[in-house]
Student: 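Please find one structure pasted underneath; my questions will follow.
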Number of protein chains: 2
Amino acid sequence: MQVKIKDVAKMAGVSVTTVSRVLNGEKYVKDDLKEKVNKVIEELGYAPSQIARSLVRKKTNLIGVIVPDLTSSFYSTILSSIEDRASVNGYNLLVCNISEDIDKEYKYLNVFQEMRVEGIIIMHEKINEQIRAFIHKINTPVIFSSVKPMDQKFVSVIIDDYEAAYEATRYLIELGHEAIGFIGGDMRDITSGQNRYSGYRNAMSDRGKKLVFEHIRFGDYKVQSGYDQMKEMLSAGNRPSAVFAVSDDMAVGAMNCIRDHHLRVPEDIAVIGFDGSQLTELVRPTLTSMEQPIHEMGRVTMDVLLKLIGGETLPDGDVILKHRLMIRESSQSRSEQTNEAEETNKNT
Amino acid sequence: MQVKIKDVAKMAGVSVTTVSRVLNGEKYVKDDLKEKVNKVIEELGYAPSQIARSLVRKKTNLIGVIVPDLTSSFYSTILSSIEDRASVNGYNLLVCNISEDIDKEYKYLNVFQEMRVEGIIIMHEKINEQIRAFIHKINTPVIFSSVKPMDQKFVSVIIDDYEAAYEATRYLIELGHEAIGFIGGDMRDITSGQNRYSGYRNAMSDRGKKLVFEHIRFGDYKVQSGYDQMKEMLSAGNRPSAVFAVSDDMAVGAMNCIRDHHLRVPEDIAVIGFDGSQLTELVRPTLTSMEQPIHEMGRVTMDVLLKLIGGETLPDGDVILKHRLMIRESSQSRSEQTNEAEETNKNT
DNA sequence: CTGAAAGCGCTTACAG
DNA sequence: CTGAAAGCGCTTACAG
């Protein structure tokens with residue numbers, strides 16, 4: 001049996017009101033009473049029930065977070081900075097890992113509502129009609145992080161995926177590459193699927209580069225699919241001299257595939273990823289990547305949500321964060337490629 | 001204003017008791033009343049308050065989890081399977097990322113108590129006296145996952161770290177290696193620090209291998225420290241022909257360092273890691289690793305905790321899971337090393 | 001089968 | 001400065 005405020009009051013010889021007052025640090029409690037109460041609290045190891053407190057205060061200090069895949073370093077890093085900000089502001093995180101299970105998401109959204117969370121963070125954009133309706137119905141603030149679902153009413157903290165993909169592609173073009181392969185995401189995803197693909201496509205056509213059907217493929221953002229899609233691309237003959245994958249994981253998969261085909265990165269094929277995950281510095285060659293400000297994204301998500309919870313009315317629209325191209329070893333200009341390839345040939 | 005049970009009762013023309021009954025799926029409610037109530041619930045979008053329910057039932061369905069570092073793939077993978085099992089059993093996770101901050105841990109433990117979580121999972125073994133006392137004091141079940149603090153009373157779900165490290169070292173010895181370097185963990189950690197080091201040391205001495213002072217170093221399990229420690233080892237001259245790092249992250253760091261010194265893995269130096277993280281299959285060469293059953297570890301942790309919560313008395317002591325050596329490309333026998341090295345010389 | 005009432009463990013006007 | 005009482009939104013004996 002947990003000790004409760006009544007026990008403390010009785011033992012200290014005061015009313016529960018007084019105990020409550022010292023608990024909440026109110027003034028208007030004589031010092032000697034305060035001391036006595038604190039001593040009893042210490043003795044009994046009393047910890048006030050947040051459950052009871054939440055009930056009367058109508059404030060739970062709980063935030064619900066829906067993560068698509070906890071084992072992904074991208075999401076868990078965002079989650080980590082969300083947790084950081086939450087903790088600093090006295091909030092606790094209820095975390096749900098849905099792993100592609102849309103039913104689980106809906107179920108959890110309901111749990112969040114029943115738990116009376118004060119805000120909800122979703123890092124997943126494949127929401128269905130049921131979920132959309134639910135979010136519109138509840139009066140709890142909801143914010144999307146790193147993704148943007150197809151609904152103007154929802155607010156997202158994201159980068160400009162179109163522009164980022166455009167710049168990444170343009171960078172490869174400026175290096176002199178003509179045949180630039182693309183490993184995209186799920187076209188049902190607005191941000192990471194459609195927008196990044198459009199950015200690639202437009203950058204290519206704006207510079208008069210031909211889109212080669214065999215060089216355009218789509219994966220699921222994971223390492224294995226990067227490998228698989230690259231394999232398909234290579235088996236199609238006339239291989240590209242550079243490849244842009246819309247996640248670092250896929251880019252690493254692609255690099256591994258290239259290596260397994262006895263080709264070199266970047267000497268034979270340059271590779272560029274997207275996200276700016278830990279992997280970029282960890283693989284060899286290190287991976288050039290269009291980086292999202294992952295930590296900032298988590299921080300800003302939480303800060304905006306806290307404002308929403310606080311009742312502030314924010315300017316309409318999404319919060320757009322800055323992306324940044326981080327150039328590392330995996331990308332190389334087309335001319336260098338040629339030279340090196342020739343030199344290598346001389347040595348053989 | 002959230003709609004409450006009273007609103008539903010009024011609109012349905014029944015008592016709150018009846019509404020409560022249909023909410024909880026009790027029998028003894030006439031079908032027509034049940035229908036009417038359900039319709040009103042639907043109409044009003046009523047979701048019962050778990051807060052109020054928890055207060056009266058004295059059951060929160062909450063589990064508190066303390067993770068040392070959410071951005072680590074090892075911990076986030078365990079967390080992922082913990083979440084899975086929790087969800088299936090109707091439990092929700094309150095997640096706290098302490099990132100080496102022991103004060104934050106204590107603070108969160110108190111929050112967990114105030115939230116009346118039914119159980120606590122800790123994946124961190126550097127607990128101090130204050131935390132130890134706290135855990136002994138509260139009557140909430142606490143379980144450690146993947147780590148074991150220095151207190152016989154606490155129950156852990158772990159592998160036999162000593163034996164695993166012994167076997168990993170023995171494997172390298174059997175490959176013909178004599179000079180085997182070691183990159184250990186924090187010696188304040190019983191399992192991953194002390195036990196793995198003892199396993200290495202004893203495997204070496206049991207086979208009559210000399211321990212070379214310069215070949216024994218300690219890091220913090222992360223990639224960078226693997227790199228740094230390897231660098232120190234290489235700069236000491238007389239380099240080892242194999243290195244055993246007690247985390248995959250450090251092993252990858254070591255591999256990168258070796259490569260940056262224009263040496264090859266495994267041809268010049270064989271490398272073996274520990275954990276069995278996603279990295280092992282992702283780096284090139286793929287990394288041989290002494291694997292922990294990461295997913296099983298999360299699952300078992302949750303299952304044991306649920307039994308503890310259910311009041312079952314379990315056999316004393318820790319739950320020991322099986323480790324497994326996964327041989328991949330980064331390890332190679334000493335003799336092959338020599339041969340290949342010679343062949344390479346011929347070609348130059 | 002149904003409902004009035006007590007109670008879960010707190011906080012917060014209100015009165016003194 | 002201090003306390004009695006009402007109330008937060010539910011569930012659960014208890015009575016009918």
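Numbers restart at 1 for each chain; the letters A, B, ... are given by sequence-line order, proteins then strands.
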Student: Is it the case that atom CG in B:Asn24 sees more than 12 heavy atoms from other parts of the structure closer than 6.0 Å?
Tutor: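 It does: B:Asn24 CG has more than 12 such atoms within range.
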
Student: Quick one: do the A:Ser20 and A:Thr17 side chains pair a donor with an acceptor below 3.5 Å?
Tutor: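 No pair is found: no donor N or O on one side chain lies under 3.5 Å from an acceptor on the other.
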
Student: Choose from C:dG7, C:dC10, C:dT12 the nucleotide whose nearest atom is closest to any side-chain atom of A:Arg57.
Tutor: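 Out of C:dG7, C:dC10, C:dT12, the nucleotide with an atom closest to A:Arg57's side chain is C:dT12.
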
Student: How about B:Lys153: does its NZ atom have over 12 heavy atoms from other parts shown lying under 6.0 Å from it?
Tutor: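 Open.
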
Student: Given a 3.5 Å cut-off on both pairing distances, which stems involving DNA chain C, each at least three consecutive Watson-Crick or G-U pairs, are present, if any?
Tutor: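 The stems are C:1-3 with D:14-16, C:5-12 with D:5-12, C:14-16 with D:1-3.
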
Student: So A:Lys6, base contact, sugar-phosphate only, or nothing? Heavy-atom distance under 4.0 Å.
Tutor: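 It contacts nothing in the nucleic acid.
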
Student: Just to be sure I understand the geometry, which residues of residues 9-24 of chain B put a non-hydrogen atom under 4.0 Å away from DNA chain D?
Tutor: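 Going residue by residue through residues 9-24 of chain B, the ones with a heavy atom under 4.0 Å of DNA chain D turn out to be B:Thr17, B:Ser20, B:Arg21, B:Asn24.
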
Student: May I ask you to check whether over 12 heavy atoms, not counting those of B:Glu129, lie within 6.0 Å of atom CD?
Tutor: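 Buried by this count: over 12 neighbours within 6.0 Å.
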
Student: What are the two closest heavy atoms between B:Phe112 and B:Leu94, and how far apart are they?
Tutor: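 Here B:Phe112 and B:Leu94 meet closest at CZ-O, 3.8 Å.
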
Student: Starting from C1' on C:dG3, measure out to CD1 on B:Ile5 and report it in whole angstrom.
Tutor: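 Nearest whole value for this atom pair: 13 Å.
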
Student: Among B:Leu62, B:Asn61, B:Thr140, find the residue that satisfies the side-chain contact (heavy atoms from CB on, under 4.5 Å) test when tested with B:Glu118.
Tutor: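 Going through the options one by one, the only one that passes is B:Asn61.
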
Student: Suppose the criterion is ring pair (Phe, Tyr, Trp, His ring centres under 6.0 Å): which pairs have a residue in residues 113-138 of chain B, not counting sequence neighbours?
Tutor: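 Pairs touching residues 113-138 of chain B that pass the test: B:Tyr106-B:Phe134, B:His136-B:Phe154.
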
Student: Have a look at A:Leu33 and say if it touches a base, only the backbone sugar-phosphate, or nothing, with a 4.0 Å heavy-atom cut-off.
Tutor: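 Sugar-phosphate contact only - A:Leu33 comes under 4.0 Å of backbone atoms but never of a base.
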
Student: Do you see a donor-acceptor pair shorter than 3.5 Å between the side chains of B:Ser49 and A:Glu114?
Tutor: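 Looking only at side-chain atoms, A:Glu114 and B:Ser49 do not form any donor-acceptor pair under 3.5 Å.
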
Student: Given that B:Asp32 and B:Arg116 both sit by DNA chain C, which one's nearest nucleotide is further toward the 5' end?
Tutor: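 So the residue in question is B:Asp32.
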
